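On a predicted model such as this, the values are computed, not experimentally measured, just so you know.
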Amino acid sequence: MSYILSLLAPPGSHMHHVMKHGVPEGVIENMLKVSREFFHLPESERLKTYSNDPFKTTRLSTSFNVKAEKVSNWRDFLRLHCHPIEDYIQEWPTNPSSFREDVAEYCRNMRGLSLRLLEAISESLGLEKDYIDKALGKHGQHMAINYYPPCPEPELTLGLPGHADPNAITILLQDDVPGLQVLKDGKWVAVNPIPNTFTVNIGDQIQVLSNDRYKSVLHRAVVNCDKERMSIPTFYCPSPDAVIGPARQLVDHDHPAQYRNFRYNEYYQKFWNRGLSKGTCLDMFKA
């Protein structure tokens, strides 16, 4: 925990590599392996889970929001809700045969790591270590298994355009193919993958709860013409009915509240309807 706390203490970068995370290497390897196997299945098999309904809790789709986009992104993805696991696992694919077992074990590990990170963030802000845990209500956890196939003209498109994540924190697992970039000092900078290491993004809800002590990070995915790429973000979220706003302990005369209180489902609806072209919706919730 002290190692994670030292990584996350503000100010500084808001995208972090976490190596001493306690997640067994075999769990990570199995997750990458079964994800790759899924996207190598025949199209007819993969399409059994296809849906453009954003409220469906298990779905295969493409790009981001195909109903609203004028230009599609070079990405296919499998979206899975995964907390509580027992509420969703029966919806998950059964092919490959180990999919449910491998993904469930990975999700359990991601939940444990997420809770430790949230405690560390709370303590770094001078709050009780369970402050953010309680602020997120019943919690939500979902993940995307992103597949970026080789692109014949990568200069003409993106895997995903620049955006900040609307949730609390995102824990990203990458394979060994570069593609993640973060906006730093007005320039896009590569965040290359490191074996057995997670990249942690601060999301919009932590920016609000911390009253801007932490900042969500703008990032994007680029594609290449030679290699397929896999990335697996775990999105740790408030429950839809959780009321989010700046922690009162972080608001005073010198640090007025930067945001109004809102329910997380209101925020996510605006994020989804606005799409990724605007990067973040925080401006719509200013105090």
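Considering all non-hydrogen atoms of both residues, Pro150 and Trp74 come closest at O-NE1, 3.4 Å. Scanning all heavy atoms of the two residues, the minimum distance from Ala104 to Ile89 falls at CB-CD1, 4.0 Å. The two residues Gln258 and Pro246 come nearest to each other via the heavy atoms N-CG, 4.3 Å. Taking both residues in full, the closest heavy atoms of Gly137 and Ala242 are given as N-CB, 4.1 Å, listed atom of the first, atom of the second, then distance. Across every non-hydrogen atom of Thr62 and Arg75, the tightest pair is OG1-O, 2.9 Å. Minimum interatomic distance between Pro178 and Pro193 (heavy atoms only, all atoms of both residues): CA-CD, 3.8 Å.
Hydrophobic clustering (ILVMFWY, side-chain heavy atoms < 4.5 Å, transitive): Val251 and Leu125 are in distinct clusters. By the rule that hydrophobic residues join a cluster once side-chain heavy atoms approach within less than 4.5 Å of another member, Leu41 and Val103 end up as members of one cluster. With hydrophobic clusters built from ILVMFWY side chains whose heavy atoms lie under 4.5 angstrom apart, Val200 shares a cluster with Ile132. By the rule that hydrophobic residues join a cluster once side-chain heavy atoms approach within less than 4.5 Å of another member, Phe39 and Val177 end up as members of separate clusters.
Between His40 and Tyr147, the ring planes are perpendicular. Angles over 60° get that label, and only those under 30° would be called parallel. Taking the six-membered ring where tryptophan is involved, the planes of Phe99 and Trp92 are perpendicular, since the angle between them exceeds 60° and thus also 30°. Note: Tyr268 and Phe271 have tilted aromatic rings, judged against thresholds of 30 and 60 degrees for the angle between ring planes.
Applying the 6.0 Å contact sphere to CG of Asp185 captures no more than 12 heavy atoms from other residues, nucleotides or ligands. The environment of NZ in Lys286 is crowded: more than 12 heavy-atom neighbours from other residues, nucleotides or ligands sit within 6.0 Å. Within 6.0 Å of CD on Glu101 lie no more than 12 heavy atoms contributed by other residues, nucleotides or ligands. For Arg100, the CZ atom counts as densely surrounded, since its 6.0 Å shell holds more than 12 non-hydrogen atoms of other residues, nucleotides or ligands. Shown here is Glu86, whose CD atom has more than 12 heavy atoms of other residues, nucleotides or ligands within 6.0 Å. Other residues, nucleotides and ligands contribute at most 12 non-hydrogen atoms within 6.0 Å of the CD atom of Glu128.
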Given Glu266 and Arg260, is the salt bridge (charged side-chain N to carboxylate O under 4.0 Å, His left out) satisfied, shown in steps?
-> CA-CA 12 Å; Glu266 178 191 357; Arg260 65 174 176 85; 2.8 Å; yes
Before giving the answer on side chain to side chain donor-acceptor pair (under 3.5 Å), spell out for Gln207 and Arg213 the whole-Å C-alpha distance, their side-chain angles and the decisive distance to 0.1 Å.
-> CA-CA 7 Å; Gln207 180 164 337; Arg213 303 314 201 265; over 6 Å; no
Residues Tyr259, Phe285; criterion ring pair (Phe, Tyr, Trp, His ring centres under 6.0 Å); working and verdict = CA-CA 6 Å; Tyr259 305 95; Phe285 293 84; 8.6 Å; no
Applying side chain to side chain donor-acceptor pair (under 3.5 Å), run through Arg79 and His142 and close with a yes or a no.
-> CA-CA 7 Å; Arg79 190 79 164 204; His142 48 100; 3.2 Å; yes
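Exactly one of Leu113, Ile169, Leu209, Asp133 qualifies for a side-chain contact (heavy atoms from CB on, under 4.5 Å) with Leu118. That residue is Ile169. For the side-chain hydrogen bond (donor to acceptor under 3.5 Å, both in side chains) with Thr170, the lone residue among Asp165, Thr199, Thr234 that qualifies is Asp165.
Here the straight-line distance linking atom CZ of Phe77 with atom CE of Met230 works out to 13.0 Å at 0.5 Å rounding. One distance of note links CG of Asn95 with NZ of Lys48; it measures 7.0 Å at 0.5 Å rounding. To the nearest 0.5 Å, the span separating NZ on Lys129 from OG on Ser124 amounts to 14.0 Å. Between the OH atom of Tyr106 and the CG atom of Leu80 there is a distance of 12.0 Å, given to the nearest 0.5 Å. Remark: Ile171 CD1 to Met110 CE distance equals 5.5 Å, nearest 0.5 Å. From Leu172, atom CG reaches atom CE of Met143 across 10.5 Å, with rounding to the nearest 0.5 Å.
The closest donor-acceptor contact from the side chain of Arg116 to the backbone of His21 lies under 3.5 Å. Side-chain N or O atoms of His83 include none that pairs as donor or acceptor with a backbone N or O of His81 at under 3.5 Å. Ser216 contributes no side-chain N or O that, together with a main-chain N or O of Ala164, makes up a donor-acceptor pair within less than 3.5 Å. Side-chain atoms of His219 come within 3.5 Å of backbone N or O of His163 as a donor-acceptor pair. Using modelled atom types, no side-chain atom of Ser97 and backbone atom of Thr94 make a donor-acceptor pair closer than 3.5 Å. For the pair His255 (side chain) and His253 (backbone), a donor-acceptor distance under 3.5 Å is absent.
Put simply, the side chain of Asp130 does not reach to within 4.5 Å of the side chain of Glu119, judged on heavy atoms. Between Thr197 and Val18 the shortest side-chain heavy-atom distance does not fall below 4.5 Å. Inter-residue side-chain proximity for Tyr148 and Leu160 is flagged as met; some heavy-atom pair is nearer than 4.5 Å. In this structure, the side chains of Phe38 and Ile145 stay at 4.5 Å or more apart for every pair of heavy atoms. Considering only heavy atoms from C-beta on, Tyr267 comes within 4.5 Å of Gln205 through its side chain. Between Trp188 and Val222, every side-chain heavy-atom pair lies at or beyond the 4.5 Å cut-off. For the pair Asp102/Pro96, no side-chain contact is recorded, criterion being any heavy-atom separation below 4.5 Å from C-beta on. Side-chain contact check for Asp241 versus Arg263: some heavy-atom pair is nearer than 4.5 Å.
Ion pair Asp175/Arg36 flagged as a salt bridge, since at least one NZ, NE, NH1 or NH2 atom sits closer than 4.0 Å to an Asp/Glu carboxylate oxygen. Residues Glu37 and Lys33 are paired through a salt bridge, judged by an N-O separation under 4.0 Å between the basic side chain and the carboxylate.
Note: Phe198 and His17 fail the aromatic proximity criterion, with ring centroids not under 6.0 Å apart.
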